[in-house]
There are 2 protein chains.
Amino acid sequence: MTELPTSPPPDTPPDARHRVLEAAEAEFAEKGYEAATVRDICRRAGANVAAVNYYFRDKDTLYRETLRVAHECADGEGPGQPAFEWPADLAPVDKLGAFIRHMAMRMHAPARPTALQLLMREFAHPSPAAQEVILRYIRPKAFALRGILEEMFPGTDPRRLLMVGFSVIGQILFYRQNRPVVELIFGKDHVDALDAEMVADHVTRFTLAALGHGEPVTSRKVVKSSCQDG
Amino acid sequence: MTELPTSPPPDTPPDARHRVLEAAEAEFAEKGYEAATVRDICRRAGANVAAVNYYFRDKDTLYRETLRVAHECADGEGPGQPAFEWPADLAPVDKLGAFIRHMAMRMHAPARPTALQLLMREFAHPSPAAQEVILRYIRPKAFALRGILEEMFPGTDPRRLLMVGFSVIGQILFYRQNRPVVELIFGKDHVDALDAEMVADHVTRFTLAALGHGEPVTSRKVVKSSCQDG
DNA sequence: GACTGATTGAAACATGCGATTGATTCGCAA
DNA sequence: TTGCGAATCAATCGCATGTTTCAATCAGTC
C-alpha cells in the first residue's frame with residue numbers, strides 16, 4: 001500500500017490525473033459503473049491504461065473519487081456551507097418560491113451536467129459508496145425545505161409536512177428523472193418547450209395553491225403569444 | 001438461425017424456460033443488465049448455462065423477452081385493453097382521485113414487484129430495447145390522465161395541463177424512485193410509516209387543492225389516533 | 001426394445017475485462 | 001552531462017463472462 005500521487009493545486013494545465021477523473025465522470029455518468037471500462041476512460045482521457053492504477057488504486061477507488069469530486073462540483077456549494085442564502089427577512093412563502101426556482105434551475109441547467117447525471121444515477125440505485133455523498137448533498141437541502149415549511153405552517157403534523165416536501169421535490173425531479181420517457185410519449189419538441197423557467201413557475205403556483213396561497217393553477221389561462229400549439 | 005422452442009401453455013409445472021425467465025427477471029431487476037450474469041441467472045433457476053442459449057438465443061434476447069413478460073405481468077392489464085375502467089358517469093374530480101389512488105397502489109404494492117422494479121430501471125435509463133415497452137406500458141396511462149384533466153378543465157392551455165399531469169405523476173413516482181435516498185435521510189421508520197393509502201390521500205388532496213377543488217392540505221390537521229389514520 | 005427428437009449436462013472456447021509488470025521517457029536539480 | 005525520481009507506455013497476466021459444443025439423458029412412438 002504505497003502513497004497515491006495527488007494532483008498539484010489547480011493552477012497548472014490539466015494533468016493526466018485530472019483528465020482521467022473527468023473522463024471517468026463522463027463515462028460513469030453515461031454508462032454506469034459496470035458498463036464503463038477503464039480502457040474507454042483512459043482512451044477518452046488520452047492516457048494510458050496504467051494511469052488509473054498509478055493515480056488511483058483501482059476502478060472502484062477511481063469511482064469513489066469521481067463521485068466525491070462530482071458531489072463537490074455539481075453545484076457551487078461546498079460541504080458544510082449553507083445550501084441556500086436568501087435575505088433572512090424574506091417571507092416564508094417567497095422562500096419556498098425561491099427554493100423551487102433554485103432547485104428547478106439546478107436540475108435543468110446544472111453547473112456541471114455530467115456530475116449531476118452521475119449523482120442522479122447513484123440516487124436511483126445507490127451503491128454502498130454513495131451514502132456519504134447522498135447525506136452531504138441532499139440532506140441539507142431537504143432540511144432547508146422542511147425548515148421553510150415549518151416556518152409557513154408551525155405546529156402542523158410532521159408527516160404532513162414531510163409529504164408536502166415530497167410533493168414539491170417530486171414535481172421538480174420528475175422532469176429530470178423521467179425526461180426520456182416523457183420525450184418518447186409526448187415528443188421531444190413538446191418537452192423541450194418546457195424550460196426551467198416554466199417548470200419553476202408552474203411548480204411554484206401549483207404548490208402554493210395547494211397550500212392555500214394564491215389562486216388555483218387552472219384559473220388563469222396561459223397567454224399564447226407566438227408558440228404554435230392548440 | 002433456427003426456431004427457438006417456446007413453452008407449453010401455462011398449465012404444466014414451471015419448466016426450465018419459465019424458471020430461467022423468472023430468475024432473469026429477478027437478477028436483472030436487482031443488478032441491472034451489465035452486472036447480472038447468465039451464470040447467476042441459471043444457477044438461480046436451477047438450470048444449466050446452456051438453457052439460455054437453447055430457449056433464448058443469447059443474453060440480449062433473454063433480456064428483451066424478460067422485459068416483455070415483465071411489462072405484461074407488471075399489473076393485470078394487457079396491451080390494448082383500457083388502462084382504467086370506472087363507471088363512465090363518475091365525476092371528473094373523482095376520476096382523478098381514482099387515478100391517483102390506483103397509481104399509488106400499483107407503485108407501492110405492485111402485483112409483481114420484481115417486474116415493476118425492472119421496468120422502473122428501464123424508465124430511468126432506457127435501453128434501445130425498451131421503447132416499445134415504454135410506449136405500451138405508460139402511454140395509455142398518460143393519455144388517460146390527460147383525458148381526465150381535459151374533462152376537468154376544457155379549453156385550458158395544453159402545456160399547462162401537461163405540467164399538471166406531470167405534477168400528479170411526479171408526486172407519486174417520487175416515493176418509488178427515491179425511496180433509498182429518503183430512507184437514508186429521514187430514517188427507514190418514518191418512510192415506512194407512509195403507506196400507499198396515506199400517499200394516495202395526500203397527493204389527491206394536494207392536487208385537488210392546487211386545482212381549486214377542496215381546501216388546502218394544511219388547513220386541516222392530521223388526527224394522530226394510534227398509527228393509521230383514515 | 002429400438003428409434004427419434006427434445007432437453008439437459010459438463011466442459012471448453014473466445015473475448016474482453018481489471019490489474020500488473022518492467023522497461024522507457026521526461027523533468028530537473030546537482 | 002549525469003543521476004534520479006516521477007510519469008508514461010506497450011505488453012501481458014489472471015480471470016470472469018457470454019457463448020458454443022457435443023455427448024448423455026429423457027419422453028414418446030413404432
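Note on naming: letters A, B, ... go to the chains in the order of the sequence lines (proteins, then strands), and numbering restarts at 1 for each one.
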Step by step, work out the salt bridge (Lys or Arg N to Asp or Glu O under 4.0 Å) result for A:Glu30 and A:Arg44.
-> CA-CA 13 Å; A:Glu30 291 174 9; A:Arg44 187 175 197 144; 3.3 Å; yes

N-O pairing of A:Glu65 and A:Arg17 below 4.0 Å = yes

Atom CD of B:Glu34 to atom C1' of C:dC17: distance rounded to whole Å?
-> 12 Å

Give a yes/no answer on whether the side chain of B:Asn53 brings an N or O atom under 4.0 Å of OP1 or OP2 in D:dT19.
-> no

Of all the nucleotides listed (D:dG18, C:dA19, D:dT8), which has the minimum atom distance to the side chain of A:Tyr54?
-> D:dT8

In whole angstroms, how far is the P atom of D:dT17 from the CG atom of B:Asp60?
-> 18 Å

Round to the nearest Å and state the distance from A:Arg19 atom CZ to D:dC9 atom C1'.
-> 13 Å

Look at the aromatic rings of B:Phe186 and A:Phe166 and report parallel, tilted or perpendicular, splitting at 30° and 60°.
-> perpendicular

Among the nucleotides D:dT19, C:dT8, D:dC9, which one has an atom lying closest to any side-chain atom of A:Ala50?
-> D:dC9

Given D:dT8, is OP1 or OP2 found less than 4.0 Å from the side-chain N or O atoms of A:Tyr55?
-> yes

Using a heavy-atom cut-off of under 4.0 Å over every strand shown, decide if B:Ala35 touches base, sugar-phosphate, or nothing.
-> nothing

Interatomic distance where CZ belongs to A:Phe56 and P belongs to C:dA19 [whole Å] | 13 Å

Describe the nucleic acid contact of B:Val52 in one word from base, sugar-phosphate, nothing, applying a heavy-atom distance below 4.0 Å.
-> nothing

A:Arg101 side chain vs A:Ala200 backbone, donor-acceptor pair below 3.5 Å | no

Which residue lies toward the 5' end of DNA chain C, B:Ala47 or A:Asp58, if each is placed at its nearest nucleotide?
-> B:Ala47

Test for a donor-acceptor pair under 3.5 Å between the base of C:dG16 and the side chain of A:Arg39, counting only N and O atoms.
-> no

Within this structure, what is the CG-to-P distance between B:Asp40 and D:dA16, rounded to whole angstrom?
-> 12 Å

Given atom CG of B:Asn48 and atom P of D:dT25, what is their separation to the nearest angstrom?
-> 14 Å

CG of A:Asp15 versus C1' of C:dG27: gap in Å, rounded?
-> 15 Å

Nearest listed nucleotide, side chain of B:Thr37, among D:dT19, D:dT17, D:dA7 | D:dT17

Roughly, in whole Å, what's the span from NZ in B:Lys59 to P in C:dG16?
-> 15 Å

Which part of the nucleic acid does A:Ala51 contact within heavy-atom distance under 4.0 Å: base, sugar-phosphate only, or nothing?
-> nothing

Kindly indicate, with the supporting measurements, whether the criterion salt bridge (Lys or Arg N to Asp or Glu O under 4.0 Å) is fulfilled by B:Asp58 and B:Arg64.
-> CA-CA 10 Å; B:Asp58 48 23; B:Arg64 292 172 196 265; over 6 Å; no

